[in-house]
There are 2 protein chains.
Amino acid sequence: MRDTTAPRAAELRIDAPHRELLDQVLDKWSLSVLNELCERPCRFNELRRAIPAVTQKSLTATLRRLERNGIVERHVVATRPVAVEYRITPLGKTLRAPIDALLDWADAQMPRIENARRAFDATVE
Amino acid sequence: MRDTTAPRAAELRIDAPHRELLDQVLDKWSLSVLNELCERPCRFNELRRAIPAVTQKSLTATLRRLERNGIVERHVVATRPVAVEYRITPLGKTLRAPIDALLDWADAQMPRIENARRAFDATVE
DNA sequence: CCGTATCCACGCGGATACTG
DNA sequence: CAGTATCCGCGTGGATACGG
């Protein structure tokens with residue numbers, strides 16, 4: 001919680017580490033992956049099926065990035081062939097609330113946004 | 001507001017329009033711009049000075065995108081030379097809360113994230 | 001099943017120069 | 001002052017093929 005008593009704002013600095021973190025955590029496929037893993041642990045190919053548009057390469061990259069940031073865990077079960085299960089971590093769960101806030105915002109404001117886009121596109125034609 | 005009465009999760013769909021909207025609103029420079037404009041209306045070059053790392057081209061693009069989505073307004077004062085003032089709109093202000101939630105999360109969890117990164121990088125070396 | 005390796009196209013964003 | 005125009009490198013992400 002940042003200081004809300006300060007009359008001046010300006011303390012809302014978006015520095016490089018912040019930006020980088022948000023980029024890693026909010027990138028193209030992360031939200032979908034997080035969404036799935038918030039419900040249940042998933043195998044790699046379960047995730048692929050749940051998110052049909054993602055390629056294998058991108059899904060691997062997304063999972064590695066989230067793992068590196070401590071958002072998901074990777075569990076390898078040494079069967080033949082191997083089974084790999086991905087789970088959300090406690091740290092990852094703390095991301096749920098702010099992401100939900102963002103998605104709620106998007107849901108709520110989407111009509112106004114679309115109006116604004118139409119209006120803008122009309123003036124520029 | 002999504003339906004919070006549903007016991008099941010899985011309703012947290014991230015579809016293409018959602019992703020596109022978030023991409024437009026959370027892109028590389030938008031947070032910094034929004035941050036400035038939440039405090040006060042700004043001229044173009046005021047914004048450049050406030051965000052030294054942004055190029056003219058990128059700042060223009062960011063402002064156009066935000067304007068198109070109804071997040072900021074552009075006011076041209078017909079002096080010589082022209083003055084252009086950018087302001088946040090009421091719609092834009094509704095973005096503040098979810099973005100703050102995200103930045104608060106980043107502030108709070110940054111140490112844990114950095115630990116996770118070090119641990120991960122150590123195992124992979 | 002769960003990846004890695006390779007190739008390639010495309011678009012973003014920076015640098016620079018110029019204009020009303 | 002507030003942009004537009006142009007060029008260009010570089011990373012990201014898709015397609016495809018192969019490996020443990």
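Order of the sequence lines sets the chain letters (A, B, ...), proteins ahead of strands, with each chain counted from 1.
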J.: Report whether V76(A) and V33(A) are members of the same hydrophobic cluster (ILVMFWY, side-chain heavy atoms less than 4.5 Å apart, transitive linking).
T.: yes
J.: Determine whether E20(A) and H18(A) satisfy the following criterion, side-chain hydrogen bond (donor to acceptor under 3.5 Å, both in side chains), listing intermediate values before the conclusion.
T.: CA-CA 5 Å; E20(A) 191 208 357; H18(A) 276 73; over 6 Å; no
J.: Rounding to a whole Å, what distance do you find between Q56(B):CD and dC1(D):P?
T.: 10 Å
J.: Look at Y86(B) and dG3(D) and indicate whether a side-chain polar atom (N or O) is within less than 4.0 Å of OP1 or OP2.
T.: yes
J.: Provide the start and end nucleotides, 5' to 3', of the part of DNA chain C that has atoms under 4.0 Å from heavy atoms of chain B.
T.: dG13(C) to dA17(C)
J.: Distance check needed: dT12(D) C1' versus L26(A) CG, whole Å only.
T.: 17 Å
J.: Report yes if the side chains of C38(A) and K93(A) come closer than 4.5 Å at any heavy-atom pair, otherwise no.
T.: no
J.: Please confirm whether the shortest side-chain N or O distance from R74(B) to OP1 or OP2 of dA2(D) is below 4.0 Å.
T.: no
J.: Examine the side chains of R118(A) and N115(A) and answer whether a donor and an acceptor come within less than 3.5 Å of each other.
T.: yes
J.: Do D104(B) and P98(A) have side chains that get closer than 4.5 Å, going by heavy atoms?
T.: no
J.: Find the distance between CG (L91(A)) and CH2 (W105(B)) and round it off to the nearest 0.5 Å.
T.: 6.0 Å
J.: Could you check T55(A) against R64(B) and say which one's nearest nucleotide on DNA chain D is further toward the 5' end?
T.: R64(B)
J.: Can you measure R43(B) atom CZ to dG3(D) atom C1' for me and round it to whole angstrom units?
T.: 13 Å
J.: Could you check how far CZ of F44(A) sits from P of dG19(D), rounded to whole Å?
T.: 18 Å
J.: If we fit an axis to the first five pairs and another to the last five of the helix from dC1(C)-dG20(D) to dG20(C)-dC1(D), what angle do they make, to the nearest 10°?
T.: 50°
J.: Taking the side chain from N35(A) and the backbone from L31(A), do they hold a donor-acceptor pair closer than 3.5 Å?
T.: no
J.: On DNA chain D, nearest-nucleotide positions of A53(A) versus P81(A): which is more 5'?
T.: A53(A)
J.: Determine whether E46(B) and R40(B) make a side-chain contact, defined as any pair of heavy atoms from C-beta on separated by less than 4.5 Å.
T.: yes
J.: So, do L22(A) and L103(B) sit near enough that their side-chain heavy atoms are less than 4.5 Å apart?
T.: yes
J.: Does a side-chain N or O of T60(B) approach OP1 or OP2 of dG3(D) to a distance below 4.0 Å, or not?
T.: no
J.: Please determine, for the side chain of K57(A), which listed nucleotide (dA15(D), dG3(D), dC7(D)) has the closest atom?
T.: dA15(D)
J.: I need the CZ-C1' distance between R80(A) and dG20(D), as an integer number of Å.
T.: 7 Å
J.: Whole angstrom is fine here: how far is it from CD in Q24(A) over to C1' in dT12(D)?
T.: 14 Å
J.: To the nearest Å, how far apart are R48(A) CZ and dG14(D) P?
T.: 11 Å
J.: Rounded to whole angstroms, how far apart are NZ on K28(B) and P on dG11(D)?
T.: 12 Å
J.: On DNA chain C, compare the nucleotides closest to V54(B) and R49(A); which residue's is nearer the 5' end?
T.: R49(A)
J.: Does the side chain of L34(A) come within less than 4.5 Å of R96(A)'s, by heavy atoms?
T.: no
